[in-house]
A.B. asks: 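A single structure is presented below for examination.
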Amino acid sequence: MASTAVEKDNLFIPLIDFSQFLHGDSTSKNKAASQILDGFQHAGFIYLKNHGISSSSVSAQFAQSAAFFSRPQSEKDALEWYSARANRGYTAHGREKVTQLADKEDVEALRLAAPDLKESLEIGRDDEEDCPNMWPSVEDEAGRVFKEKSLAFFEECKGLHMQVMRAIAVGLGIEEGWFDKYTDRGDNTLRLLHYPPVRKEVFQKNKLQVRAGEHTDYGSITLLFQDSRGGLQVQSPNGTFVDATPIPDTIVINAGDLLTRWSNDNIKSTKHRVVEPPPKPNQATGEEHPARYSIAYFCNPNFDKQIDVIPSTCREGEKPKYEGVNSGDYLVKRLTATY
Ligand SMILES: O=C(O)CCC(=O)C(=O)O
Ligand SMILES: [Fe+2]
């Protein structure tokens with residue numbers, strides 16, 4: 001049995017030791033693969049430890065992210081996200097609304113009602129034609145290091161995506177490398193997220209206020225690295241939102257809508273959101289919640305691939321529930337609907 005990371009309201013998110021899949025004998029490997037598949041089929045979420053991405057790589061990327069978001073607003077605005085097809089660049093949510101107001105009191109009132117609760121930078125494969133990444137100036141040394149480190153982290157995550165898809169293949173009883181031809185291009189997005197400090201009264205005044213609204217992800221799987229603040233919640237089968245508490249050195253991985261479709265609804269894409277962090281024992285009670293950082297690596301099948309239901313996920317005599325779609329078009333369509 002895998003140990004359990006989250007257990008509440010009929011939501012059971014397993015904590016799986018991925019070294020058993022990567023380096024174990026065939027019995028351990030198959031066992032880890034079925035635990036992973038089982039987690040995706042029932043919760044839509046798993047936690048992975050010993051995943052092969054070193055804690056120094058992860059903390060270095062968090063440091064790069066914090067340094068990036070501490071740049072002057074004008075520098076970040078110059079890197080603005082520019083199209084759903086490219087899905088690269090900087091987004092400051094709610095900012096436009098705020099800056100259009102001249103009156104100081106109006107600005108403050110609006111800031112309390114609908115504050116900027118997150119900002120993000122999306123980074124894609126760096127060699128995609130006509131879709132450049134939006135890097136800070138590489139003439140500045142920090143900008144050059146940011147680019148180099150972020151691209152190295154991108155590659156590490158790409159490798160883990162391939163391995164997790166292999167585990168899903170083994171779990172499904174198909175050839176281990178079945179997904180490789182869908183994962184080898186790395187048409188993925190590294191999204192750095194910063195939830196700035198926020199006054200507690202913002203949540204008290206508006207019970208619906210969240211740091212990131214509920215949603216499902218779009219692609220195959222998402223690798224989610226969170227800091228120790230907390231606030232991520234996952235929807236349980238009962239409909240409640242349950243804390244997905246940070247566990248050091250683990251990655252939270254969830255399945256996205258395209259994998260649900262690809263697997264004929266065998267695998268779940270589960271709603272999640274980010275809310276006010278839960279109180280921690282012995283924590284000083286200030287007026288403000290400190291900043292939260294997370295890194296989401298959204299994985300997609302190669303954009304030039306047709307995604308037809310995986311034959312082995314249909315039971316005998318069962319028809320596929322979905323028509324084939326092109327992976328890249330599917331993602332662009334979903335992004336266009338939200339941005
Ligand atoms: O910040 C987080 O923990 C979650 C972010 C997320 O779900 C997303 O960006 O899709
Ligand atoms: Fe998400």
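What you see below is based on every heavy atom in this structure, not just the backbone, and it leaves out hydrogens, waters and symmetry mates. By convention here, the first residue in the shown sequence is residue 1.
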A.B. asks: In chain order, what residues pass the salt bridge (charged side-chain N to carboxylate O under 4.0 Å, His left out) check against K321, with sequence neighbours excluded?
C.D. replies: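 With neighbours one apart ignored, the set is D265.
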
A.B. asks: For a 4.5 angstrom cut-off between non-hydrogen side-chain atoms, does S120 reach L193?
C.D. replies: yes

A.B. asks: Under a single-linkage definition using a 4.5 Å side-chain heavy-atom cutoff for Ile, Leu, Val, Met, Phe, Trp and Tyr, are I267 and F21 assigned to the same hydrophobic cluster?
C.D. replies: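 Yes, it is one cluster - the side chains of I267 and F21 are joined through contacts under 4.5 Å.
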
A.B. asks: Quick one: are E156 and Q61 in side-chain contact, heavy atoms under 4.5 Å?
C.D. replies: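 They are not in contact (no side-chain heavy atoms under 4.5 Å apart), so the answer is no.
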
A.B. asks: NZ of K181: more than 12 outside heavy atoms within 6.0 angstrom?
C.D. replies: yes

A.B. asks: Give me the ring orientation class for H289 and F203: parallel if the planes are under 30° apart, tilted from 30 to 60°, perpendicular past 60°.
C.D. replies: perpendicular

A.B. asks: How long is the straight-line distance from OG of S263 back to CD1 of I310, given to the nearest 0.5 Å?
C.D. replies: 6.0 Å

A.B. asks: What's the shortest heavy-atom distance between F241 and Q233, and which atoms?
C.D. replies: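 That would be CB-OE1, 3.4 Å.
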
A.B. asks: Grab the two heavy atoms, one from G89 and one from M134, that are nearest each other, plus how far apart they are.
C.D. replies: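 It is CA-CG, 3.7 Å.
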
A.B. asks: Would you mind reporting whether P237 and D9 have side-chain heavy atoms less than 4.5 Å apart?
C.D. replies: no

A.B. asks: Within the distance-only criterion (no hydrogens, no angle test), does the side chain of R88 pair as donor or acceptor with the backbone N or O of R125 below 3.5 angstrom?
C.D. replies: yes

A.B. asks: Rounded at 0.5 Å granularity, tell me how far NZ in K76 sits from CG in L121.
C.D. replies: 10.0 Å

A.B. asks: Out of curiosity, does L37 fall in the hydrophobic cluster containing F45 (side-chain heavy atoms, cut-off under 4.5 Å, transitive links)?
C.D. replies: no

A.B. asks: Do R261 and I307 come within less than 4.5 Å of each other through their side chains, counting heavy atoms only?
C.D. replies: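 They are not in contact (no side-chain heavy atoms under 4.5 Å apart), so the answer is no.
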
A.B. asks: Under the side chain to side chain contact (heavy atoms under 4.5 Å, CB included) criterion, do D180 and R166 qualify, and how do the steps go?
C.D. replies: CA-CA 8 Å; D180 286 4; R166 283 181 191 171; 3.0 Å; yes

A.B. asks: Does a donor on one side chain and an acceptor on the other come within less than 3.5 Å for Q226 and R292?
C.D. replies: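 A donor-acceptor contact under 3.5 Å links the two side chains.
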
A.B. asks: Give me the ring orientation class for F225 and H51: parallel if the planes are under 30° apart, tilted from 30 to 60°, perpendicular past 60°.
C.D. replies: perpendicular

A.B. asks: How many angstroms lie between atom OG1 of T250 and atom CG of D17, to the nearest 0.5 angstrom?
C.D. replies: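 Taking OG1 in T250 and CG in D17, the distance rounds to 12.0 Å.
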
A.B. asks: Look at D140 together with R71 and state whether they make a salt bridge at an N to O cut-off of under 4.0 Å.
C.D. replies: yes

A.B. asks: Hey, does the side chain of H42 reach the backbone of D38 with a donor-acceptor pair shorter than 3.5 angstrom?
C.D. replies: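 Such a contact is found between H42 side chain and D38 backbone.
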
A.B. asks: Tell me whether V252 is reachable from L190 by hopping between hydrophobic residues (I, L, V, M, F, W, Y) whose side-chain heavy atoms are closer than 4.5 Å.
C.D. replies: no

A.B. asks: Is a salt bridge present between E122 and R191, judged by a nitrogen-to-oxygen distance below 4.0 Å?
C.D. replies: yes

A.B. asks: If you measure from CG on D184 to CE on M165, what distance do you get to the nearest 0.5 Å?
C.D. replies: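 So the gap between those two atoms works out to 12.5 Å.
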
A.B. asks: For E7, enumerate each residue passing the salt bridge (charged side-chain N to carboxylate O under 4.0 Å, His left out) test, keeping only those at least two apart in sequence or located in another chain.
C.D. replies: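 Here no residue qualifies.
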
A.B. asks: Rounded at 0.5 Å granularity, tell me how far OH in Y195 sits from CG in L117.
C.D. replies: 9.5 Å

A.B. asks: Among D257, T260, T270, find the one that has a side-chain hydrogen bond (donor to acceptor under 3.5 Å, both in side chains) with T216.
C.D. replies: D257

A.B. asks: Between D329 and R85, does at least one N-O distance fall below 4.0 Å, as a salt bridge requires?
C.D. replies: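 R85 and D329: salt-bridged.
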
A.B. asks: Using 0.5 Å steps for rounding, measure from the CG atom of L223 to the NZ atom of K158.
C.D. replies: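 L223 atom CG to K158 atom NZ measures 13.5 Å (nearest 0.5 Å).
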
A.B. asks: Excluding sequence neighbours, so at least two apart, what forms side-chain contact (heavy atoms from CB on, under 4.5 Å) with D25?
C.D. replies: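 D25 satisfies side-chain contact (heavy atoms from CB on, under 4.5 Å) with T27, S28 only.
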
A.B. asks: If you compare all heavy atoms of A33 against all heavy atoms of G171, which two are closest, and at what distance to 0.1 Å?
C.D. replies: CB-N, 3.8 Å

A.B. asks: Can you list, by chain and residue number, the hydrophobic cluster partners of V275 when the side-chain cut-off is 4.5 Å?
C.D. replies: V210

A.B. asks: Indicate yes or no for a side-chain donor-acceptor contact from K200 to the backbone of G286 under 3.5 Å, with no hydrogens or angles considered.
C.D. replies: yes

A.B. asks: Linking I/L/V/M/F/W/Y whenever their side-chain heavy atoms sit closer than 4.5 Å, directly or via other members, would I46 and L172 fall into one cluster?
C.D. replies: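 I46 and L172: one cluster.
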
A.B. asks: Might you work through the side chain to side chain contact (heavy atoms under 4.5 Å, CB included) test for C157 and I53, ending with a clear yes or no?
C.D. replies: CA-CA 8 Å; C157 291; I53 301 185; 4.2 Å; yes

A.B. asks: Can you tell if the side chain of L331 reaches within under 4.5 Å of the side chain of D187, non-hydrogen atoms only?
C.D. replies: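 L331 vs D187: side chains apart.
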
A.B. asks: Determine, for D249 against K49, whether the closest basic-nitrogen to carboxylate-oxygen distance falls under 4.0 angstrom.
C.D. replies: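 Judged by the 4.0 Å cut-off on N to carboxylate O distance, D249 and K49 do not form a salt bridge.
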
A.B. asks: Ignoring hydrogens and geometry, is there a side-chain-to-backbone donor-acceptor pair from N264 to N266 under 3.5 Å?
C.D. replies: no

A.B. asks: Is the distance between the ring centroids of W262 and F179 under 6.0 Å?
C.D. replies: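 Here the rings of F179 and W262 have centres that are less than 6.0 Å from each other.
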
A.B. asks: Please report the shortest heavy-atom distance between H194 and E119, naming the atom on each side.
C.D. replies: ND1-OE2, 2.6 Å

A.B. asks: Does some side-chain heavy atom of N302 sit less than 4.5 Å from a side-chain heavy atom of S327?
C.D. replies: no

A.B. asks: So which pairs with a foot in residues 307-318 pass side-chain hydrogen bond (donor to acceptor under 3.5 Å, both in side chains), sequence neighbours left out?
C.D. replies: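 Sorted pair list: Q306-D308.
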
A.B. asks: Please list, chain by chain and in numerical order, all residues satisfying side chain to side chain donor-acceptor pair (under 3.5 Å) with D126, sequence neighbours excluded.
C.D. replies: N133, W135

A.B. asks: Is Y297 reachable from L48 through a run of I, L, V, M, F, W or Y residues, each pair having side-chain heavy atoms under 4.5 Å apart?
C.D. replies: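 Same cluster.
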
A.B. asks: Could you tell me which non-hydrogen atom of D227 sits nearest to which non-hydrogen atom of A291, and how far apart they are?
C.D. replies: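 Closest pair (atom of D227, atom of A291, distance): OD2-O, 4.3 Å.
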
A.B. asks: Within the supplied structure, the quantity of interest is the number of heavy atoms (other residues, nucleotides, ligands) at a distance under 6.0 Å from K271 NZ; does it exceed 12?
C.D. replies: no

A.B. asks: Run C299 and N188 through side chain to side chain contact (heavy atoms under 4.5 Å, CB included) and show every step you take.
C.D. replies: CA-CA 5 Å; C299 306; N188 307 323; 3.8 Å; yes

A.B. asks: Which atom pair, heavy atoms only, marks the closest approach of N300 to G219?
C.D. replies: OD1-CA, 3.4 Å

A.B. asks: I want to check something: taking the side chain as every heavy atom from C-beta on, are K147 and I123 in contact at a cut-off of under 4.5 Å?
C.D. replies: no

A.B. asks: Do C131 and Y82 have side chains that approach each other closer than 4.5 Å (heavy atoms only, starting at C-beta)?
C.D. replies: yes

A.B. asks: Evaluate L258 against V325 for side chain to side chain contact (heavy atoms under 4.5 Å, CB included), listing each step before the verdict.
C.D. replies: CA-CA 9 Å; L258 190 51; V325 280; 4.0 Å; yes

A.B. asks: Answer yes or no: is there a donor N or O on one side and an acceptor on the other, between the side chain of T222 and the main chain of L224, under 3.5 Å?
C.D. replies: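 Not confirmed, T222 side chain does not pair with L224 backbone.
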
A.B. asks: State whether the side chain of S236 and the backbone N or O of T240 hold a donor-acceptor pair below 3.5 Å, judged by distance alone.
C.D. replies: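 Checking the backbone N and O of T240 against the side chain of S236, a donor-acceptor pair under 3.5 Å is found.
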
